[in-house]
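Worksheet: the structure to be examined is printed underneath.
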Amino acid sequence: YTREQGKVSVIVKGARRKKSPLAAYFQPMNHIELVYYYKQTRDLQAVSKASFNHIWNDLNQDLKKITYGLAVLELTDKTNTDTDPHPELFDELVDVLSELDTGNLRANLIFWYYQVKLLTTLGFKPNFYNTEEEHVKFPNPFAGPNSEKILTDLNENSLKSITNTVATNKDRKAISDYLTTFIKYH
């Protein structure tokens, strides 16, 4: 996923060779700078050069962080079309992965934050007080004791100013069910 062109498919010649200098760059959750030859007539663009832009050391050492990081990437992949750039979403993606790597926020809050920002950026900003839309009833997002506070916080603040609120099991279920249903609908 690129900042300037959105989702782009590339091919790296020789990357599967054991001694390839490019192989290490193309792992999930690597933030790399990429030089590639773009031709509109091709589905796969040829990579000529790659370098690390940022290395997230802790992110790839913790199974929970890996799970959330890959979920964020999968969500980005499934909700964006090829060559449809969203620079602000790219910036949020980098911030979210950085926060997962070194931040003190709970991973589920970071993931929910990204879901809300993704929906907002793509034009589907959730109205948590409207639980019905064109014959579809969404789960109650405020079913947990802290759900409303958490969702308001995620919706109105930047990643750096979110409160590290503890979500109860009811909060986690209510928020996850609502956001999952909302994303599937849209």
Side-chain angles (χ1 to χ4, degrees), residues 1-38 44-80 82 84-122 150-151 153-167 169 171-172 175-176 179-180 183:
Y1 193 70
T2 67
R3 188 173 205 289
E4 291 80 19
Q5 292 196 311
K7 191 163 76 167
V8 177
S9 297
V10 296
I11 188 165
V12 184
K13 294 182 179 177
R16 296 177 97 180
R17 289 190 319 244
K18 285 183 181 181
K19 294 183 181 183
S20 172
L22 292 176
Y25 297 107
F26 297 95
Q27 301 299 320
M29 296 187 294
N30 278 349
H31 184 197
I32 59 175
E33 189 152 321
L34 198 59
V35 177
Y36 60 92
Y37 303 110
Y38 182 77
L44 289 174
Q45 309 305 325
V47 171
S48 70
K49 194 163 85 172
S51 61
F52 285 108
N53 198 336
H54 185 89
I55 298 172
W56 291 299
N57 293 320
D58 294 341
L59 186 58
N60 291 314
Q61 304 302 317
D62 181 331
L63 187 57
K64 186 175 187 178
K65 290 180 179 185
I66 291 170
T67 303
Y68 277 105
L70 290 175
V72 164
L73 294 180
E74 183 76 13
L75 189 59
T76 305
D77 181 45
K78 296 297 183 193
T79 56
N80 285 275
D82 289 347
D84 182 19
H86 294 283
E88 64 283 359
L89 185 61
F90 179 86
D91 294 340
E92 289 288 358
L93 177 62
V94 170
D95 289 347
V96 161
L97 292 173
S98 293
E99 185 65 27
L100 279 171
D101 183 49
T102 59
N104 295 322
L105 269 179
R106 296 180 187 327
N108 59 342
L109 292 175
I110 298 169
F111 183 64
W112 294 333
Y113 169 84
Y114 186 73
Q115 287 179 305
V116 170
K117 295 306 175 193
L118 174 85
L119 286 163
T120 301
T121 302
L122 297 179
I150 292 169
L151 286 170
D153 198 23
L154 297 175
N155 200 28
E156 295 176 357
N157 292 315
S158 69
L159 188 59
K160 294 294 179 199
S161 52
I162 291 174
T163 310
N164 208 2
T165 307
V166 176
N169 286 339
D171 292 323
R172 283 194 291 276
I175 294 170
S176 293
L179 288 172
T180 301
I183 287 170

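The analysis underlying the following values was restricted to heavy atoms, covering all of them including side chains, and did not include hydrogens, waters or symmetry mates.
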Of all residues at least two apart in sequence or in a different chain, which pass the side chain to side chain donor-acceptor pair (under 3.5 Å) check with Asn30?
none

With a 4.5 Å limit on heavy-atom distance, are the side chains of Ile32 and Ser51 in contact?
no

Less than 4.5 Å apart, any side-chain heavy atom of Lys49 and any of Leu34?
no

Should Tyr114 and Thr76 be marked as a side-chain hydrogen bond (donor to acceptor under 3.5 Å, both in side chains) after you check the CA-CA gap, both sets of side-chain angles, and the distance that decides it?
CA-CA 10 Å; Tyr114 186 73; Thr76 305; 2.6 Å; yes

Asn80 side chain to Asp84 side chain, donor-acceptor N/O pair below 3.5 angstrom
no

Side-chain heavy-atom pair His86, Leu122 within 4.5 angstrom cut-off
yes

Looking only at the side chains, is there a donor atom on one of Ser176 and Trp112 sitting less than 3.5 Å from an acceptor on the other?
yes

Minimum heavy-atom distance Val72-Val96, with the two atoms named
CG2-CG1, 4.1 Å

4.5 Å side-chain heavy-atom contact, Leu93 and Leu73:
yes

Working note: Phe111 + Leu179, criterion side-chain contact (heavy atoms from CB on, under 4.5 Å); need CA distance, chi angles, decisive distance, verdict.
CA-CA 11 Å; Phe111 183 64; Leu179 288 172; over 6 Å; no

Between Glu33 and Tyr25, does the side-chain hydrogen bond (donor to acceptor under 3.5 Å, both in side chains) criterion hold? Intermediate values first, please.
CA-CA 9 Å; Glu33 189 152 321; Tyr25 297 107; over 6 Å; no

Reported CG-to-OG1 distance for the pair Leu97 and Thr102, which is rounded to 0.5 angstrom
11.0 Å

Ignoring hydrogens and geometry, is there a side-chain-to-backbone donor-acceptor pair from Arg172 to Ala167 under 3.5 Å?
yes

Taking the side chain as everything from C-beta on, heavy atoms only, tell me whether Leu75 gets closer than 4.5 Å to Ile183.
yes

Counting only N and O atoms by type, is there a donor-acceptor contact under 3.5 Å from the side chain of Ser48 to the main-chain atoms of Val35?
yes

Quick one: pull up CG in Asn108 and CD in Gln115 and give me the separation to the nearest 0.5 Å.
10.5 Å

Using salt bridge (Lys or Arg N to Asp or Glu O under 4.0 Å), reason through Lys7 and Asp77 one step at a time and then give a plain yes or no.
CA-CA 7 Å; Lys7 191 163 76 167; Asp77 181 45; 3.1 Å; yes

To the nearest 0.5 Å, what is the distance between CD1 (Ile175) and CD1 (Ile150)?
4.0 Å

Closest heavy-atom pair, Leu70 versus Pro28, reported as atoms and distance to 0.1 Å, is CD2-CB, 3.6 Å

Could you state the interatomic distance from CG (Leu100) to OG1 (Thr67), rounded to the nearest 0.5 Å?
10.5 Å

Using 30° and 60° as the class limits, which term best fits the ring planes of His54 and His31: parallel, tilted or perpendicular?
tilted

Among all residues two or more places apart in sequence or in another chain, which pass the salt bridge (Lys or Arg N to Asp or Glu O under 4.0 Å) test with Arg106?
none

Apply the test side-chain contact (heavy atoms from CB on, under 4.5 Å) to residues Lys117 and Leu89: give CA-CA distance (whole Å), side-chain angles for both, the deciding distance (0.1 Å), then the verdict.
CA-CA 8 Å; Lys117 295 306 175 193; Leu89 185 61; 5.5 Å; no

At their closest point, which heavy atom of Ala107 faces which heavy atom of Tyr68, and how far apart are they?
CB-CD1, 3.4 Å

Minimum heavy-atom distance Val94-Trp56, with the two atoms named
O-CZ2, 3.9 Å

Could you report the tightest heavy-atom contact between Glu99 and Asn104, atom names first, then the distance?
OE2-N, 3.4 Å

Side chains of Leu105 and Leu159: closer than 4.5 Å at any heavy-atom pair?
yes

Verdict with reasoning, Ile11 to Val47, per side-chain contact (heavy atoms from CB on, under 4.5 Å):
CA-CA 6 Å; Ile11 188 165; Val47 171; over 6 Å; no

Quick check: do Asn60 and Lys65 have side-chain heavy atoms less than 4.5 Å from each other?
no

Are the side chains of Tyr113 and Leu109 in touch, meaning some heavy atoms are under 4.5 Å apart?
no

Expected output: side-chain Asn157 to main-chain Ile162 donor-acceptor under 3.5 Å
no

Nearest non-hydrogen partners of Phe52 and Ala24, listed with the distance
CZ-O, 3.9 Å

At what distance, to the nearest 0.5 angstrom, does CG of Leu59 lie from NZ of Lys64?
13.5 Å

Working note: Leu44 + Val10, criterion side-chain contact (heavy atoms from CB on, under 4.5 Å); need CA distance, chi angles, decisive distance, verdict.
CA-CA 5 Å; Leu44 289 174; Val10 296; over 6 Å; no

